[in-house]
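Counting starts at 1 for both ligands and their atoms, following the listed order. Side chains included, hydrogens not; waters and symmetry mates left out as well; all remaining heavy atoms used. Positions are given from 1 along the sequence.
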Amino acid sequence: MFNLILFGPPGSGKGTQSEKLVEKYELIHLSTGNLLREEIANRTPLGLEAKNFMDKGQLVPDEVVIAMIDSCLEHHKQAVGFLFDGFPRTAAQAQALDKLLALKKTEIGLVLALEVSEEELVKRLLNRGKTSGRSDDTNEAVIHQRFIVYNNETAPIAEHYKKLKRFQAIKGEGSVDEIFNYLCQAIDKRMKTLASQ
Ligand code: B4P
């Protein structure tokens, strides 16, 4: 099993690249952002709770997202691997993920972190907001709040994966295909190393 985390600030291209990566490597795509937006669209109690946080640029409580991931892992017992997109976003989520994967006798194989300047991120998110109707993409104050939360709560968990030597930064600016190529090169190299162990 090969499990990959796509890491990076809001708007860095995690969702965009994940779609291409899951197709190429036949991984199951687990995007907590997409799962939460589905709950909101279906007007479930979980979705209504999550919307309050997402609209303000805050993270949805850990227990909610961890339960969602747990249930998705259970639903895909035969998967050749998972691509975690936008998860984990806090230290508690990273710890929970390690535990859930250990129960399945697997672990994270690689964390790829997309690096994009804040100026470019704001541009991309405001641009997406024009067509997506996503309330968290249309207000610049909310976008900045998301960066603050990312820097305080999400960025520090990179250290955990750096210590395990599973972390690699990838240039996230350029064309979608260029970035996809950088990601594939890193994945192929890691898969080769794992296969030879
Ligand atoms: P997410 O849905 O995870 O999304 P994101 O961080 O906003 O964007 P992503 O990096 O996927 O960017 P994308 O490819 O779409 O999170 C939304 C919210 O959900 C969070 O703020 C939080 O409230 C909640 N949430 C999610 N997971 C959570 C968790 N684990 N715990 C708690 N709360 C959680 O790209 C953005 C734009 O850039 C697109 O328009 C795209 O077309 C464009 N783009 C992509 N690549 C480009 C390129 N190379 N050049 C130019 N434009 C590009």
Looking only at protein heavy atoms, identify the closest one to atom 45 (C) of ligand 1 and say how far it is in Å.
T16 OG1, 3.3 Å
Can N127 be said to touch ligand 1, with heavy atoms closer than 4.0 Å?
no
Within the structure, does L125 bring an N/O atom to less than 3.5 angstrom of an N/O atom in ligand 1?
no
Protein contact to atom 25 (N) of ligand 1 [nearest heavy atom, distance to 0.1 Å]:
L36 CD1, 3.6 Å
D85 and K14 ion-paired at < 4.0 Å:
no
Would you call D177 and K20 a salt bridge, taking side-chain N to carboxylate O under 4.0 Å as the test?
yes
Going by atom types alone, do E39 and T44 pair a side-chain donor with an acceptor below 3.5 Å?
yes
Run the salt-bridge test on D137 and R146 with the 4.0 Å N-O cut-off and return the result as yes or no.
yes
Regarding N34 and H29, is there a side-chain donor-to-acceptor distance under 3.5 Å anywhere?
no
Non-hydrogen atom of F53 closer than 4.0 Å to ligand 1
no
So does E159 pair up with K162, basic N to acidic O under 4.0 Å?
yes
Where is the tightest heavy-atom contact between I157 and A94, given as atom of each residue plus distance?
CD1-CB, 4.4 Å
Looking only at protein heavy atoms, what sits closest to atom 10 (O) of ligand 1 is K14 NZ, 2.9 Å
What are the two closest heavy atoms between A50 and L36, and how far apart are they?
CB-CD2, 3.9 Å
Look at atom 33 (N) of ligand 1 and say which protein heavy atom is nearest, naming residue and atom and giving the distance to 0.1 Å.
V60 N, 3.1 Å
Should G174 be listed as contacting ligand 1, given a heavy-atom distance under 4.0 Å as the test?
yes
Select the closest option to atom 21 (O) of ligand 1 among K171, M68, R146, judged by heavy-atom distance.
R146
What is the nearest protein non-hydrogen atom to atom 8 (O) of ligand 1, stated with its residue, atom name and distance?
G11 N, 3.3 Å
Looking at non-hydrogen atoms alone, which of M54, R89, K56 comes nearest to atom 16 (O) of ligand 1?
R89
If hydrophobic clusters are built by linking Ile, Leu, Val, Met, Phe, Trp and Tyr wherever their side-chain heavy atoms come under 4.5 Å apart, do L6 and F147 end up in the same one?
no
Option with minimal heavy-atom separation from atom 48 (C) of ligand 1, where the choices are R124, R134, E153
R124
So is R37 touching ligand 1 or not, going by heavy atoms under 4.0 Å?
yes
For F87, the ligand 1 atoms with a heavy-atom partner under 4.0 Å come out as 30 (N)
Measure the distances from the heavy atoms of G8 to every atom of ligand 1 and state whether one is below 4.0 angstrom.
no
Mark yes or no for whether R166, through its side chain, and I108, through its backbone, hold a donor-acceptor pair below 3.5 Å.
yes
Identify the closest protein heavy atom to atom 31 (N) of ligand 1: which residue and atom is it, and at what distance?
Q93 NE2, 2.9 Å
Does Q58 reach ligand 1, in the sense of a heavy atom lying below 4.0 Å from it?
yes
From atom 40 (O) of ligand 1, work out which of R128, E19, E120, K123 has a heavy atom at the shortest distance.
R128
So E74 and K104, do their side chains get closer than 4.5 Å, heavy atoms only?
yes
